[in-house]
K.L.:
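Okay, here's the structure, questions in a sec.
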Amino acid sequence: MAEYNSLEKIRLQKLEELRAEGIEAYPTRVTRTHTSQQAIAEFEANETIELKATLAGRIRSMRAGGKITFAHIEDGDGKVQLFLRVNELNERLEFFNKLFDLGDFIEVSGIMFRTKSGEVTLHVHDFKLLAKSVTPLPADKDVTLDDGTVVRHASLDNPELRARQRYADLAVNPEVRETFRKRAKVVKSLRDFLDDKGFLEVETPILQPLYGGAAARPFTTHHNELEQDMYLRISFELYLKRLLVGNLEKVYEIGRDFRNEGVSFKHNPEFTQLEFYWAYADYLQVMELTEQMVAYTAEQVTGSTKVKYGEHELEFKPPWKRIEMRQGILDTAGIDINEHKTAEDLLKAIKQKQPKASPDAKATRGKLIDFLVSEFLEPTLIQPTFLYNYPRDISPLAKSIPGDPMTVERFEGYVAGFELCNAFTELNDPLDQEQRFIEMGRDYEAGDEDQHPLDEDYLRAMRYGMPPNGGFGMGVDRLTMILTNKHSIREVLLFPALRKEE
RNA sequence: GGGCGCGUAGCUCAAUGGUAGAGCAGCGGCCUUUUAAGCCGUUUGUUGAGAGUUCGAUCCUCUCCGCGCUCACCA
């Protein structure tokens, strides 16, 4: 049984009073004729015509006078003011004032007009309760004090409450609703862009017998009838590339990935990923498509390719800056990785630079290079930038640069100092791929949990012949953060992962 | 997982080792064009949970729970 606080008990009492009057507090049918903004627009188009309207929405404010009451209701389109007067409503006005609360959903009918102070308002002739609100919304308001200082409308602010009770957050903070409308637009724009380029949207398994395509720890679950453990996917990569073997030339998927790892302002255990694979393309073509796609999305969502993010103004218009990884590390860290061909050698060079963090002493050469990037280079990449040409040993699914077996054709897109996307010319040589898997298997035996187990079926697919192709992956949540100027992934997830209550 | 910080009324926040406060919301009045109205009156608490120190703990100590920041982890 729910326990009610004093405010809720008062509302429950009102509910009883309503029912005692024979009023259904949660009726089934609504007969709305206009949304709030439709009614206002239609009235403003010609104010000499009497406009009758029936509106529906939630009571957000009430100003009850003796014989008149002003209120605002809010619906999906916005707010509209109501004017209720004893002249039309008689004793029902008092009934309205006494038994209706902020947060209740109501239906109101009447005639649109403009008040003395100029606000388009519904003059209410009839009203009906649609749903009684038992728990008060956490709304608040500010007040101007005698000395002129304004106490701000604080409203719901507690980040935990806002995330746990997103419904209340959405109900009370219109800008939060706007953020999620923009998020939907981000996804739609990406889809439109890729569809227009001839990509086929597909859906691949979330429950997988093996996980792969990324270096991350998976969530494990169990299928009862099949009597086997299964994993929630950590990427789409290996399944999407199987489709290239099947002669689907251009495929993409937008969906959820699951990684059983730490939570931070840019990591949630489940997150939305976009991946596409493009036969007969290489990473340079993917780079061009990427900057076009992100610029298109930015423009669709914000109206411009220039986007404000915190103190920065980001320009997404192609072409983006390109930095070759070796050169970028040389410029920011002062180390030429080509002069340090072994991990021991590179580690020595790094130690001389005395970075703030210290690299793992057992790290491979590739991981040390990765360390240099995140320590020195990454924080400088504010404007959209492609960092390209990665070490082979941290890129097991990418193809080497012809003539440079240590380096692969791979790039990552950086914006605002963090990684937005990752792409490469995909490895399509089954023998090379098997070799790389085996090398990773060694890592796996050595206790590196992030390395994936060998996927025999993927190799079987590749042996049938996989066309040369370029692949791409991007965190949709992160793109949404940037395009909505939010600095935490939780702000762009409706229901971010939180610990169980109590 | 480590470090730092936070948790007080429905919401936003004060406060002191000695009976826990404000604004808004709520409740009761007055007000027929208000603008998150105004005026008068008024209620609200297991101070996150538990233990300890103390004559006395919201405050000090410890444990636990939750959240935030940060580091680690993380293509």
Side-chain angles (χ1 to χ4, degrees), chain A residues 4-11 13-14 60-72 79 81-88 93 98 101-103 113-119 121 123 134-145 149-164 168 172 213-217 234-235 237 257 259-269 271 273 356-358 360 366-367 370 373-374 387 390-391 394-398 408 410-413 418-424 449-450 473-475 487-488 490 498-502:
Chain A
Y4 296 106
N5 66 38
S6 57
L7 298 180
E8 291 167 330
K9 281 175 186 157
I10 288 164
R11 290 185 175 207
Q13 215 168 343
K14 291 180 180 181
R60 290 305 311 279
S61 66
M62 275 172 96
R63 298 173 290 284
K67 296 193 170 60
I68 59 166
T69 292
F70 283 95
H72 277 91
K79 287 186 188 175
Q81 181 167 254
L82 310 179
F83 175 58
L84 298 92
R85 204 165 56 157
V86 74
N87 307 40
E88 291 80 30
L93 179 65
K98 279 192 105 130
D101 290 296
L102 298 181
F113 78 113
R114 199 177 277 279
T115 62
K116 268 185 191 167
S117 50
E119 182 167 349
T121 300
H123 188 157
V134 174
T135 302
L137 287 171
D140 204 356
K141 64 179 183 182
D142 68 8
V143 173
T144 309
L145 302 174
T149 50
V150 177
V151 179
R152 286 186 49 223
H153 292 138
S155 194
L156 181 60
D157 196 35
N158 180 320
E160 180 181 356
L161 254 182
R162 285 189 47 230
R164 261 189 218 290
V172 159
R217 283 150 67 195
I234 58 173
S235 87
E237 173 149 5
D257 268 343
R259 296 187 183 177
N260 203 341
E261 309 201 329
V263 175
S264 80
F265 76 94
K266 53 180 177 177
H267 295 92
N268 194 64
F271 62 99
Q273 175 96 289
K356 267 177 281 166
S358 53
D360 185 351
K367 285 198 172 170
D370 206 36
V373 169
S374 46
L387 188 61
Y390 276 63
I394 54 167
S395 314
L397 299 161
V408 294
R410 170 177 172 185
F411 73 83
E412 291 190 355
F418 61 79
E419 181 199 336
L420 178 66
C421 58
N422 179 25
F424 29 88
E449 292 183 354
D450 288 346
M474 177 170 70
H487 295 256
S488 166
R490 284 182 293 274
L498 291 170
R499 267 181 227 275
K500 200 164 57 175
E501 276 184 276
E502 290 171 337

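All chains are named by letter (A, B, ...) in the order of the sequence lines, taking the proteins before the strands, and each is independently numbered beginning at 1.
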K.L.:
Mapping K98(A) and G473(A) onto RNA chain B by nearest heavy atom, which one lands closer to the 5' end?
P.N.:
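It is K98(A), whose closest nucleotide lies nearer the 5' terminus.
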K.L.:
Between atom CD in E412(A) and atom P in C74(B), what is the gap in whole Å?
P.N.:
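Those two atoms, CD and P, are 14 Å apart.
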K.L.:
Between U19(B) and G52(B), how far apart are the C1' atoms? Round to whole Å, please.
P.N.:
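Pairwise C1' distance, G52(B) against U19(B), rounds to 24 Å.
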K.L.:
What distance, rounded to whole Å, do you find between the two P atoms, one in G18(B) and one in U61(B)?
P.N.:
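About 16 Å, rounded to a whole number of Å.
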K.L.:
Can you name the salt bridge (Lys or Arg N to Asp or Glu O under 4.0 Å) partners of E88(A), sequence neighbours left out?
P.N.:
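If we apply the salt bridge (Lys or Arg N to Asp or Glu O under 4.0 Å) test to E88(A), skipping adjacent residues, the hits are R85(A).
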K.L.:
Suppose we define a pair by two distances each less than 3.5 Å, Watson-Crick or G-U wobble; what does C31(B) pair with here?
P.N.:
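Partner of C31(B): none.
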K.L.:
Check whether any side-chain heavy atom of N87(A) lies under 4.5 Å from a side-chain heavy atom of H123(A), and answer yes or no.
P.N.:
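Side-chain contact under 4.5 Å: no.
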K.L.:
Picking from U32(B), U33(B), G66(B), which would you name as closest to the side chain of R85(A)?
P.N.:
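My answer, after comparing the listed nucleotides, is U32(B).
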K.L.:
Can you pull every protein N or O that's under 3.5 Å from an N or O on nucleotides 42-45 of chain B?
P.N.:
none

K.L.:
Has R490(A) got a side-chain N or O lying under 4.0 Å from the OP1 or OP2 atom of C67(B)?
P.N.:
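No, no such contact exists.
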K.L.:
Give a yes/no answer on whether the side chain of K14(A) brings an N or O atom under 4.0 Å of OP1 or OP2 in C27(B).
P.N.:
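Yes, because at least one side-chain N or O of K14(A) sits under 4.0 Å from OP1 or OP2 of C27(B).
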K.L.:
Which residues pass the salt bridge (Lys or Arg N to Asp or Glu O under 4.0 Å) test with E419(A), sequence neighbours left out?
P.N.:
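In terms of salt bridge (Lys or Arg N to Asp or Glu O under 4.0 Å), with neighbours along the sequence ignored, E419(A) is linked to no residue.
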K.L.:
So what does I10(A) touch, heavy atoms closer than 4.0 Å: a base, only the sugar-phosphate, or nothing?
P.N.:
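Sugar-phosphate, no base atom in range.
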K.L.:
What nucleic acid atoms does E8(A) come within less than 4.0 Å of, heavy atoms only: base, sugar-phosphate, or nothing?
P.N.:
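Touches nothing.
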K.L.:
May I have the distance from M62(A) (atom CE) to C31(B) (atom P), rounded to whole angstrom?
P.N.:
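Distance, rounded to whole Å: 17 Å.
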K.L.:
For C4(B), which nucleotide is its Watson-Crick or G-U wobble mate, given both distances must be under 3.5 Å?
P.N.:
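Paired with C4(B), as far as the under-3.5 Å criterion goes, is G68(B).
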K.L.:
Find out whether F113(A) and F83(A) are in side-chain contact, i.e. whether some heavy atom of one side chain is under 4.5 Å from a heavy atom of the other.
P.N.:
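F113(A) vs F83(A): side chains touch.
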K.L.:
For atom C1', what is the distance between A15(B) and G45(B), given to the nearest Å?
P.N.:
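That atom pair is separated by 15 Å.
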K.L.:
From CD of E88(A) over to P of U32(B), roughly how many Å is that when rounded to an integer?
P.N.:
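E88(A) atom CD is separated from U32(B) atom P by 14 Å.
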K.L.:
How about R490(A) and N268(A): does a side-chain donor come under 3.5 Å of a side-chain acceptor?
P.N.:
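No, no side-chain donor-acceptor contact under 3.5 Å.
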K.L.:
For R60(A), give me all partners under salt bridge (Lys or Arg N to Asp or Glu O under 4.0 Å), at least two apart in sequence or on another chain.
P.N.:
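So R60(A) forms a salt bridge (Lys or Arg N to Asp or Glu O under 4.0 Å) with E74(A).
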K.L.:
In the strands shown, is G26(B) matched to any nucleotide by a Watson-Crick or G-U wobble pair with both distances under 3.5 Å, and which?
P.N.:
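Pairing partner: U42(B).
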K.L.:
Please give, in whole Å, the distance from C65(B) P to L498(A) CG?
P.N.:
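About 16 Å, once rounded to whole Å.
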K.L.:
My understanding is that only residues two or more places apart in sequence, or in another chain, count here; which of them pass salt bridge (Lys or Arg N to Asp or Glu O under 4.0 Å) with R114(A)?
P.N.:
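With neighbours one apart ignored, the set is E44(A), E47(A).
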K.L.:
What's D370(A) touching, base or sugar-phosphate or nothing? Going by heavy atoms closer than 4.0 Å.
P.N.:
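If one applies the 4.0 Å heavy-atom cut-off, D370(A) turns out to touch nothing in the nucleic acid.
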K.L.:
Which is true for F83(A) with a 4.0 Å heavy-atom rule: it touches a base, it touches only sugar-phosphate, or it touches nothing?
P.N.:
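Base contact - F83(A) has a heavy atom under 4.0 Å of at least one base atom.
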K.L.:
Are R164(A) and C67(B) close enough that a side-chain N or O sits under 4.0 Å from OP1 or OP2?
P.N.:
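Indeed, a polar side-chain atom of R164(A) lies that close.
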K.L.:
So if I take every side-chain heavy atom of F70(A) and compare against G26(B), U32(B), U33(B), which nucleotide ends up nearest?
P.N.:
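Closest nucleotide among those given: U33(B).
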K.L.:
Base, sugar-phosphate, or nothing for K79(A), non-hydrogen atoms under 4.0 angstrom?
P.N.:
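Nothing, no nucleic acid heavy atom in range.
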K.L.:
Can you name the residues that form a side chain to side chain donor-acceptor pair (under 3.5 Å) with D257(A), not counting sequence neighbours?
P.N.:
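So D257(A) forms a side chain to side chain donor-acceptor pair (under 3.5 Å) with Q273(A).
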K.L.:
What's the gap between G28(B) and A49(B) when it is taken at their C1' atoms, as a whole Å value?
P.N.:
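Between the two C1' atoms, the distance is 37 Å.
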K.L.:
Rounded off to whole Å, could you give me the CG-to-P distance for the D101(A) and C24(B) pair?
P.N.:
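It works out to 18 Å between those atoms.
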K.L.:
A37(B) P sits how many Å from R60(A) CZ, rounded?
P.N.:
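Atom CZ in R60(A) sits about 12 Å away from atom P in A37(B).
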K.L.:
Scan L161(A) against the nucleic acid and name what it touches under 4.0 Å (heavy atoms): base, sugar-phosphate only, or nothing.
P.N.:
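Contact class for L161(A): sugar-phosphate only.
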K.L.:
Using a cut-off of 4.0 Å on non-hydrogen atoms, how would the nucleic acid contact of A163(A) be classed: base, sugar-phosphate, or nothing?
P.N.:
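If one applies the 4.0 Å heavy-atom cut-off, A163(A) turns out to touch nothing in the nucleic acid.
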K.L.:
Let's see if you can work this out: which of U70(B), C74(B), U33(B) has an atom nearest to the side-chain heavy atoms of F265(A)?
P.N.:
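Nucleotide nearest to F265(A)'s side chain: U70(B).
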K.L.:
Using atom C1' of each nucleotide, how far apart are G17(B) and U54(B) to the nearest Å?
P.N.:
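The answer is 9 Å between these two C1' atoms.
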K.L.:
Side-chain contact, heavy-atom cut-off 4.5 Å: D101(A) with P136(A)?
P.N.:
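SC-SC contact between D101(A) and P136(A) ruled out.
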K.L.:
What are the atom names and distances for every N/O pair under 3.5 Å that joins the protein to nucleotides 2-6 of chain B?
P.N.:
none

K.L.:
In this structure, how many angstroms lie between the C1' atom of U70(B) and the NZ atom of K266(A), rounded?
P.N.:
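Rounding to the nearest Å, NZ of K266(A) and C1' of U70(B) are 13 Å apart.
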K.L.:
Would you please name every residue forming a side-chain contact (heavy atoms from CB on, under 4.5 Å) with Q13(A), sequence neighbours left out?
P.N.:
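Testing Q13(A) for side-chain contact (heavy atoms from CB on, under 4.5 Å), a comparison that skips the adjacent residues, returns none.
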K.L.:
Remember a base hit wins even if backbone is also touched, and classify E237(A) as base, sugar-phosphate or nothing at under 4.0 Å, heavy atoms.
P.N.:
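Base contact.
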K.L.:
So what does N5(A) touch, heavy atoms closer than 4.0 Å: a base, only the sugar-phosphate, or nothing?
P.N.:
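Sugar-phosphate, no base atom in range.
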K.L.:
Measuring from the side chain of T115(A) (C-beta onward, heavy atoms only), which nucleotide among U34(B), U32(B), C67(B) has the closest atom?
P.N.:
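Among the listed nucleotides, the one closest to the side chain of T115(A) is U34(B).
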K.L.:
Check whether any side-chain N or O of R63(A) sits under 4.0 Å from OP1 or OP2 of G38(B), and answer yes or no.
P.N.:
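For G38(B), neither OP1 nor OP2 has a side-chain N or O of R63(A) closer than 4.0 Å.
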K.L.:
Applying side chain to side chain donor-acceptor pair (under 3.5 Å), can you list everything that pairs with R259(A), at least two apart in sequence or on another chain?
P.N.:
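Checked R259(A) against side chain to side chain donor-acceptor pair (under 3.5 Å); zero matches.
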K.L.:
In whole angstroms, how far is the P atom of U33(B) from the NE2 atom of H72(A)?
P.N.:
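Computing the H72(A):NE2 to U33(B):P distance gives 17 Å.
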K.L.:
When you match S488(A) and G262(A) each to their closest nucleotide on RNA chain B, which lands nearer the 5' end?
P.N.:
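Per heavy-atom nearest nucleotide, the more 5' residue is S488(A).
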K.L.:
Go through it in stages, so that I can follow the logic: the residues are L93(A) and T69(A), the test is side chain to side chain contact (heavy atoms under 4.5 Å, CB included), and I'd like the CA-CA distance, side-chain angles, deciding distance and then a yes or no.
P.N.:
CA-CA 8 Å; L93(A) 179 65; T69(A) 292; 3.7 Å; yes
